[in-house]
Amino acid sequence: MAQVFNRRTNTIVRLGIFVGVPVILALLTATWWYYTRSDWVRDVGVAHAKVQPAGNIPGAGGYSHQLHVGGLKLDCRYCHTGVEISSNANIPPTETCMGCHAQILPKSTKLEYIRNSYEKDEPVQWNKVNDLPKFVYFNHSIHVAKGVGCSTCHGNIASMAVVYKTEALYMSWCLNCHRAPEKFLRPQSEIFNTAWTPPADQIAQGLKLKKDLNIRTSSQLTNCSICHR
Amino acid sequence: MSKETLDIQTNSGRGYWRSLDDLAQSSEFQARLEREFPSEAAELRDPVTRRSFLKLMGASMALSTLAGCQFAIKQPQEVIVPYVRQPEQVIPGRSLYYATSMTVQGFGIGLLAESHEGRPTKVEGNPDHGASLGGSDAWIQASILTMYDPDRSQQVLNAGKPSTWADAAAALAAAAKSAGNGIRILSEPNASPSLGAAIAALTSTYAGTKWVQYDPISGDNAVDGATQALGAATNVVYAFN
């Protein structure tokens with residue numbers, strides 16, 4: 001009987017098995033990783049893509065933490081009044097901006113949207129940057145009270161002209177800390193310091209803080225119902 | 001208030017309806033019904049047939065599963081809308097508790113209403129109030145739903161038709177003049193001092209006015225019995241111990 005396939009097909013089949021299949025698997029893995037695990041799909045570090053405030057308000061210069069926090073050294077709690085007492089950090093009402101900007105730069109076109117909002121009693125709408133799915137419960141007050149500083153989760157806000165994400169907010173990220181908080185804990189005086197860097201003996205200091213602050217064990221803090229309630 | 005809302009509020013009786021437009025019986029809705037479902041217009045307008053019921057249920061189930069999915073790979077962009085002027089006590093993310101009361105069998109029971117950014121969500125007994133001591137019952141628990149009940153009265157009604165306070169006052173004056181023995185006000189038992197004061201003011205304006213309180217399920221007989229047995233109008237509280 002004549003051969004249906006000639007010898008060359010062997011090579012092609014081998015190539016297919018040993019090269020093609022791994023390439024396809026690699027592509028599938030990469031796609032899966034990109035869409036479910038990577039920072040890119042979550043816009044980490046992307047500041048320019050978002051218009052702040054939401055919508056195209058003519059003349060809007062948005063709001064810059066670099067100017068107000070980095071430059072003017074305002075405390076986070078001046079605006080984010082809820083961080084120590086509530087689940088929400090709270091974005092300041094127009095009134096808070098007007099407290100200064102009724103006097104400071106009262107004619108600036110970049111502040112027109114703030115004045116409009118105040119006069120017409122229409123709230124400013126800010127694009128949400130850090131956004132957890134609604135089935136996750138998060139609470140700022142406990143983290144701030146138990147030695148987790150803003151910059152651990154939000155990065156160096158004081159250097160950002162436009163806020164961007166520094167963490168992709170995957171569940172693994174939350175758990176990574178809940179399993180071993182000592183790697184990240186800092187003294188209470190440093191909570192609002194956006195440029196804090198861990199000391200050389202972080203683990204030792206962290207373990208001490210963990211004990212002083214009565215932080216629960218890793219198995220208690222990874223209980224599903226803490227975050228999915 | 002829009003015309004539709006008015007119409008809905010005044011629509012009394014036990015009609016069945018599938019949408020607010022339907023309920024309002026607006027002519028646009030009728031026209032759309034006939035245009036889009038010429039063969040089924042009669043069926044849709046009619047009391048629900050088994051076939052259309054199954055169809056509607058199937059469609060709504062399919063739609064609700066779809067609505068639960070997010071086809072987008074990225075989360076949709078959300079916005080944060082802060083206050084323009086933040087009310088003093090409001091802390092977004094934390095609930096506020098207001099002391100309030102509800103009439104149960106004529107008497108006010110002190111309650112605490114939990115509210116989130118201005119929306120009441122839960123009612124519990126007020127521990128500082130003698131009549132509830134922090135407790136509540138099924139009716140009190142369910143009373144939160146009346147807050148969001150579209151049938152909750154939002155305006156002056158006259159025989160089911162929307163009216164105004166001025167019209168109501170005029171109607172009262174006319175009635176007081178034509179009625180021989182004065183007006184009668186019928187209500188559930190109510191111990192509210194402010195309602196009492198309002199009715200007292202009415203009584204002094206229109207002589208002969210009487211306020212009749214009626215409760216189909218009342219504790220009056222028990223109080224009468226206690227009066228006979230103990231000599232004074234008494235509410236009996238049992239101590240099971």
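The figures here come from the full heavy-atom set of this structure, side chains too, leaving out hydrogens, waters and symmetry mates. Numbers restart at 1 for each chain; the letters A, B, ... are given by sequence-line order, proteins then strands.
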K.L.:
When only pairs under 4.5 Å are counted, which of A:Arg42, A:His140, A:Lys134 shares the most heavy-atom pairs with chain B?
P.N.:
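Top count of heavy-atom pairs under 4.5 Å with chain B: A:Lys134.
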K.L.:
Below 30° counts as parallel, above 60° as perpendicular, anything between as tilted: where do the rings of A:Trp33 and A:Trp40 land?
P.N.:
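Judged by the thresholds at 30° and 60°, the geometry between A:Trp33 and A:Trp40 is perpendicular.
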K.L.:
Which atoms of A:Ile85 are under 4.5 Å from chain B, going by heavy atoms: the side chain, the backbone, both sets, or neither?
P.N.:
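Both backbone and side chain.
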K.L.:
Report the relative orientation of the aromatic rings in A:His143 and A:Phe138; use parallel for angles under 30°, tilted for 30 to 60°, perpendicular for over 60°.
P.N.:
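If you compare the ring of A:His143 with that of A:Phe138, the planes turn out parallel.
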K.L.:
Within the side chain of B:Asp137, is there an N or O that forms a donor-acceptor pair under 3.5 Å with the backbone of B:Ile140?
P.N.:
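Yes; at least one donor-acceptor contact below 3.5 Å.
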K.L.:
Name the region of A:Asn90, side chain, backbone, both or neither, that has any atom closer than 4.5 Å to a heavy atom of chain B.
P.N.:
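For A:Asn90, the side chain is the part near chain B, not the backbone.
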K.L.:
With ring centroids as reference points, do A:His228 and A:Tyr137 lie under 6.0 angstrom apart?
P.N.:
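When the ring centroids of A:His228 and A:Tyr137 are compared, they turn out to be at least 6.0 Å apart.
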